[in-house]
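This report refers to the structure that appears directly beneath it.
Only heavy atoms go into these numbers, but all of them, side chains included; no hydrogens, no water, no symmetry mates. Naming convention: chains lettered A, B, ... in sequence-line order (proteins, then strands); numbering from 1 in each chain. Note that the structure is predicted; figures quoted are calculated from it, not measured.
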Amino acid sequence: MLGEGILKGMAETAKNFFGSYVSKERLTTVEYPEERVPAAENARAFPFLVYDGPDWQAGLRCVSCQICEKECPPKCILIEKSKDKKPDYVGKPQFYPVRFDIDLSVCMSCQICVEVCPFDAIKMNTEFALATDDRFGGLLFSREKLAKSNEYYHSIHPTEAAEVDARLAEEKAKVEAKAKAAAEAAAAKAAVSASPAEGGN
Amino acid sequence: MVSTSFFTALDRIFFLLRDWLVGFLPVALRPAAGVLLGVIAIVAVFPGFFALTTVFERKGLGRMQNRLGPNRVGPFGFFQPVADGIKALTKEDVVPYRSDRIVHFLAPLVLVVTVFLGFAVLPMGRNMVLADMDAGLLFFFAMGAATELSIFMAGWSSHNKYSLLGAMRGIAQMISYEVVLLLSAVSVVMIGGSLSLSKIVEAQNSYSGVFPHWYIFTPWGFAGFVVFAIAATAETNRSPFDLPEGESELVAGYHTEYSGFKFALFFLGEYLAMFSISGLGTTLFLGGWSAPLSFFDFVPSWIWFFGKVMLSIFVFIWMRGTLPRLRQDQLMNFAWKFVLPFTLLNLFVTALWRFLGEGWLRWAVCSAILVAAWALMGRVGMRRKHFGPRSYRYAE
Ligand code: SF4
Ligand code: SF4
């Protein structure tokens, strides 16, 4: 009969109306500023710089090779190379950036800087709520603001960060093994050169 | 009998309040001041209701769609209307360059004023009617018809295609359903024997045992009420008959070119029309201010009236949360091929009811005719046309 469908529909909405007060599953709303859906692992917003250890200045992985600066399509990275060197994660002395600025109002989140960096020093952040009332300075992120710990990197991209860590550890082990081998060889040489003298005694 | 006198006082509280206030004035001014106070009360109370309804509607609609609805302004979002009002007041009032400025300005005023005039004849409680006219029903419908004028004024003066289309749709729809609205009220007049709304309520305010003699509890009254509700929804441009302001196709229909406070006035007028038509439906079919069971008689009459109006508003909102918008041709088909013939039949059934006399016979006959007609006309009149796949004569 005419109107049956309407009654059925009204029963459905009535069920929703009362159901939404009793069952929490019905309400799928996430009240954004207070509640948030955690960002997906593959989400990306803007780049950040990874550092190891507790001190961001000492631990920055970036060696100021400026590859990313040259590759960035909209040219929003500005790097100033240091005059002195400091040891990197394997202990090799390297340059470091005394200035590393990214203008986030220009950055287009293309991730090219991340892909070209040979040192796994720059990665994509998932933080997107960067609104500010200062349209020039507020979005020009300097080293301090860009530096994030490796632990943070693990927290937002666990899989990727674990891969990076494994790779870096492998490289480090290789370098260390080489250094050890070299040291042993040197020690053996020294021993060899020392023994005749001993024998001659 | 302290309690009885207390409830009587509560029933008459507005009169007592008025008399107390008027008592401060010289005797010569008292009658005029009394009327003025009544007007002020109506003009103050219903916009307050409007504010409350907007927030409850948005929250209720949200819940029907498993959303939360507004909850930011104040506790549970109840101050939302305040924020909306401030926003509407402080917005720039943009008038299109080529519009007809005077008519453009007058349209919202005409709407609100005519809608408010409709309230003058509604009995909102025992003896609580501002102007107890002998032909109150006629007055109400006249005012309801005048709102159509304002809609066309708005649409025409805006010099905008969407406004004009919305206004034309609005006129077509309102005129079609106006006929139905009037005819469904005519059956009440036939039984009640009066055009005065207070007399119509009086006629329903008696009980068999504990049950009231509301017209909705008779076959013709029930059918009339259903038809009245359909027509009232269309008259007030509420979903599913909200074509004149269908956002998805007409921006906002006839009030596209209104901003700021004039837009708020249109909004107010629309809700007030909803209240007044609910009030009329309550008066005609739901026993007005009379209590639903005889032993609830002690509760103040105005509480029943406003309770019934609120219930109708909830049903309006409920329908809005349920039904999608109709298409223009569906709307017209429905009005002229189904609702109108059914209402005419209902007039005949009402007459039968009147002349079959007391007893079960008239119940059986009237119900049978109406149910059969509803089923048959629904099947025949609302039959879908199946066009099938399109065939081309030359382009094959
Ligand atoms: S994500 Fe793209 S645009 Fe942004 S800094 Fe990196 S290379 Fe430049
Ligand atoms: S972030 Fe990577 S690519 Fe860019 S300067 Fe530093 S080390 Fe080089």
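- Between chain B and the residues A/Ile6, A/Thr28, A/Thr13, the largest count of heavy-atom pairs under 4.5 Å involves A/Thr13.
- Residue A/Arg36 qualifies as enclosed at atom CZ: its count of foreign heavy atoms under 6.0 Å is above 12.
- Within 6.0 Å of the NZ atom in B/Lys91, the count of heavy atoms belonging to other residues, nucleotides or ligands does not exceed 12.
- With sequence neighbours left out, the salt bridge (charged side-chain N to carboxylate O under 4.0 Å, His left out) criterion links A/Glu115 to no other residue.
- A search for salt bridge (charged side-chain N to carboxylate O under 4.0 Å, His left out) contacts involving B/Arg67 returns nothing, not counting sequence neighbours.
- Only the side chain of A/Glu34 comes within contact range of chain B, with heavy atoms under 4.5 Å apart.
- Heavy-atom proximity under 4.5 angstrom to chain A picks out B/Gly60, B/Arg63, B/Met64 from residues 56-65 of chain B.
- Residues of residues 319-335 of chain B lying within less than 4.5 angstrom of chain A, judged on heavy atoms, are B/Met319, B/Gly321, B/Thr322, B/Leu323, B/Phe334 in numerical order.
- Heavy atoms closer than 4.5 Å to chain B are found nowhere in A/Glu12, neither backbone nor side chain.
- In this structure, chain B has heavy atoms under 4.5 Å from both the backbone and the side chain of A/Tyr21.
- When the shell of 6.0 Å around NZ of B/Lys87 is examined, it contains 12 or fewer heavy atoms from other residues, nucleotides or ligands.
- The closest side-chain heavy-atom distance from A/Leu27 to B/Leu68 is below 4.5 Å.
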